[in-house]
Amino acid sequence: MKYLVFILTMVMVACQPSVNEKVYLIEGEAQGSTYHIKYIAERDENLKPAIDSILQVIDLSMSTYRPDSAISKINQGDTTVVVDEHFRKVFEASQQIWQESEGLFDPTVGVLVNAWGFGKQKISEADLPTDKKIDSLRKYVGFDKVALTEKNLIKKQYTEILFDFNAIAQGYTSDVVANYLSARGIKNYIVEIAGEMYLKGKNTVEDKSWTIGVENPLKPLDDRDLVATIQFTNQGLATSGNYRKVWTDSNGRKYVHSINPLTGRATQSDVLSATVVAPSTMLADGYATMFMVMGLAKSKTFLEKHPDLAVLLVYSDDKHQEATYKTKSFEKLIIH
């Protein structure tokens, strides 16, 4: 469900590199988008084949765009699928955020995603779901209607329930790749997959902290207007927004991909984008999606209880003007 473009720019100041270490870059395609990995080492180890293999394994677990994936088979009603550890970890994290959000983050929203035309099959204006249709589909939404057994089997209250982990899986994938690099003994890197990032260590070649420029997601792609420039390490960052994945009907009504699971509606909240820095990219990814649906007032209340999250929200104020809200923990990351 998350269709992110590059709203994050790495900003680095050149200085003299160290004698032995160099910066290496790995790039490729992943999960309907691209990935970029920057790491520092004394030699090039050709890690791309192993990383591509990791991405393939995760796709086979949770990609709704692959008919042979575990999630696709489960969505089709196969009750014999034994899910892997990747699926289990994302399921458990989703359950946590679902509980914390009181149902506003819910990966069983798949039937609504499809109904509003944000799934694999696009729809025309004539196919927009009626209120009656939406109410009927809500029966098949709710993380309390699914369970993961000790034998790693999925149980669904209704066969029609469809999982969609796209709002959290890309962040999880960044964490997995980051863990792989750490296991290889690499201590300083940036992993970015479809805009979701995990940073570890620092830029030791230039003797600087990793510095990230957060672009204004409401501006055109060729307008590099930065909302903030921040520094952090050993944490994940994710941004969610409805600024790209949106369509408008003939009456000017806009429909966005951040669907409210409780109402079943694809209407924009007052939060236009959410940038989150958290202990893992998976959590940052899930929370960013949650804030999009939750809206500004509820998000502020939530953040008062979670001071460990560093969050920047771009929202529409009472005068329909763009405004920003930053938590104190996010302000501490800003360098200018």
Side-chain angles (χ1 to χ4, degrees), residues 2 4-15 17-18 20-31 33-55 58 168-215 217 224 226-240 275-285 287-288 309-312 329-330 332-336:
K2 183 81 69 69
L4 294 181
V5 296
F6 296 109
I7 56 176
L8 303 161
T9 302
M10 301 173 198
V11 182
M12 300 180 184
V13 179
C15 55
S18 64
N20 298 318
E21 292 183 324
K22 294 182 180 180
V23 177
Y24 294 96
L25 181 64
I26 305 172
E27 299 176 314
E29 296 183 355
Q31 300 180 343
S33 185
T34 57
Y35 73 86
H36 301 78
I37 298 169
K38 187 185 292 287
Y39 72 96
I40 295 174
E42 294 187 358
R43 59 188 177 88
D44 186 0
E45 300 185 59
N46 189 24
L47 303 177
K48 191 176 189 305
I51 290 171
D52 286 340
S53 178
I54 291 171
L55 298 173
I58 294 176
I168 192 171
Q170 289 172 339
Y172 171 76
T173 305
S174 295
D175 292 335
V176 174
V177 174
N179 289 336
Y180 168 74
L181 295 178
S182 294
R184 297 283 303 193
I186 298 173
K187 300 178 180 179
N188 304 285
Y189 55 75
I190 297 177
V191 174
E192 177 268 309
I193 298 177
E196 323 297 35
M197 310 176 77
Y198 189 88
L199 279 63
K200 183 176 181 180
K202 60 182 290 187
N203 183 350
T204 54
V205 170
E206 300 178 357
D207 192 27
K208 288 183 62 67
S209 299
W210 297 121
T211 302
I212 305 299
V214 182
E215 296 180 12
R224 299 299 183 183
L226 296 183
V227 177
T229 302
I230 61 176
Q231 289 182 342
F232 66 92
T233 190
N234 301 333
Q235 296 183 91
L237 179 150
T239 293
S240 184
T275 298
V276 180
V277 178
S280 72
T281 319
M282 174 173 62
L283 290 177
D285 200 2
Y287 284 130
L309 295 177
V311 177
L312 165 66
S329 51
F330 191 91
K332 291 179 181 178
L333 304 179
I334 298 175
I335 59 173
H336 62 75

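With sequence neighbours left out, Thr173 forms a side-chain hydrogen bond (donor to acceptor under 3.5 Å, both in side chains) with Gln31. With sequence neighbours left out, the side chain to side chain contact (heavy atoms under 4.5 Å, CB included) criterion links Ile334 to Ala228, Ile230, Lys326, Phe330. Applying the salt bridge (Lys or Arg N to Asp or Glu O under 4.0 Å) criterion to Lys48, with sequence neighbours excluded, gives Asp52. For the side chain to side chain contact (heavy atoms under 4.5 Å, CB included) test, residues two or more places apart in sequence or in another chain that qualify with Lys200 are Ser182, Tyr189, Tyr198, Asn234. Take Thr233 and apply the side chain to side chain contact (heavy atoms under 4.5 Å, CB included) test, not counting sequence neighbours, and it matches no residue. When the side chain to side chain contact (heavy atoms under 4.5 Å, CB included) test is applied to Glu45, the partners found at least two apart in sequence or on another chain are Arg43, Leu47, Arg184, Ile186.
The shortest distance between side-chain heavy atoms of Leu199 and Ile212 falls below 4.5 Å. Looking at heavy atoms from C-beta onward, Val23 lies in side-chain contact with Lys38 at the 4.5 angstrom threshold.
Considering every non-hydrogen atom in both Ala310 and Ser329, the closest pair reads CA-OG, 3.3 Å. Listed here is the closest heavy atom pair of Ala30 and Leu55: CB-CD1, 3.6 Å. In this structure, Thr211 and Gln231 approach most closely via the heavy-atom pair OG1-NE2, 2.9 Å. Annotation for Ile193 and Ser174: closest pair CB-OG, 3.5 Å, computed over non-hydrogen atoms. The two atoms that bring Ala288 and Ala238 nearest to each other are CB-O, 4.1 Å, heavy atoms only.
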Next on the checklist: Go through it in stages, so that I can follow the logic: the residues are Lys202 and Asp207, the test is side-chain contact (heavy atoms from CB on, under 4.5 Å), and I'd like the CA-CA distance, side-chain angles, deciding distance and then a yes or no.
Outcome noted: CA-CA 7 Å; Lys202 60 182 290 187; Asp207 192 27; 3.0 Å; yes
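Between Tyr35 and the options Ile51, Val191, Val177, a side chain to side chain contact (heavy atoms under 4.5 Å, CB included) holds for only Ile51.
By the 6.0 Å contact criterion, CD on Glu27 is enclosed, its count of non-hydrogen atoms from other residues, nucleotides or ligands being greater than 12.
Between the CD atom in Glu196 and the OG atom in Ser33 there is a gap of 9.0 Å [rounded to 0.5 Å]. Distance check, rounded to the nearest 0.5 Å: CD1 of Ile37 to CD1 of Ile190 gives 11.0 Å. In this structure, NZ on Lys187 lies 12.5 Å from CD1 on Ile40, to the nearest 0.5 angstrom. Leu333 CG to Thr229 OG1: the interatomic distance, rounded to the nearest 0.5 Å, is 12.0 Å. Note that CD1 of Ile26 is 7.0 Å distant from CG of Leu181, once rounded to the nearest 0.5 Å.
Under the 3.5 Å distance criterion, the side-chain polar atoms of Asp175 are left unmatched by any main-chain donor or acceptor of Ser280. The main-chain N or O of Met197 is found under 3.5 Å from a side-chain atom of Thr281 such that the two form a donor-acceptor pair. Proximity of a side-chain donor or acceptor of Asn203 to a complementary backbone N or O of Trp210 within less than 3.5 Å is not detected.
A donor-acceptor contact closer than 3.5 angstrom links the side chains of Glu21 and Thr204.
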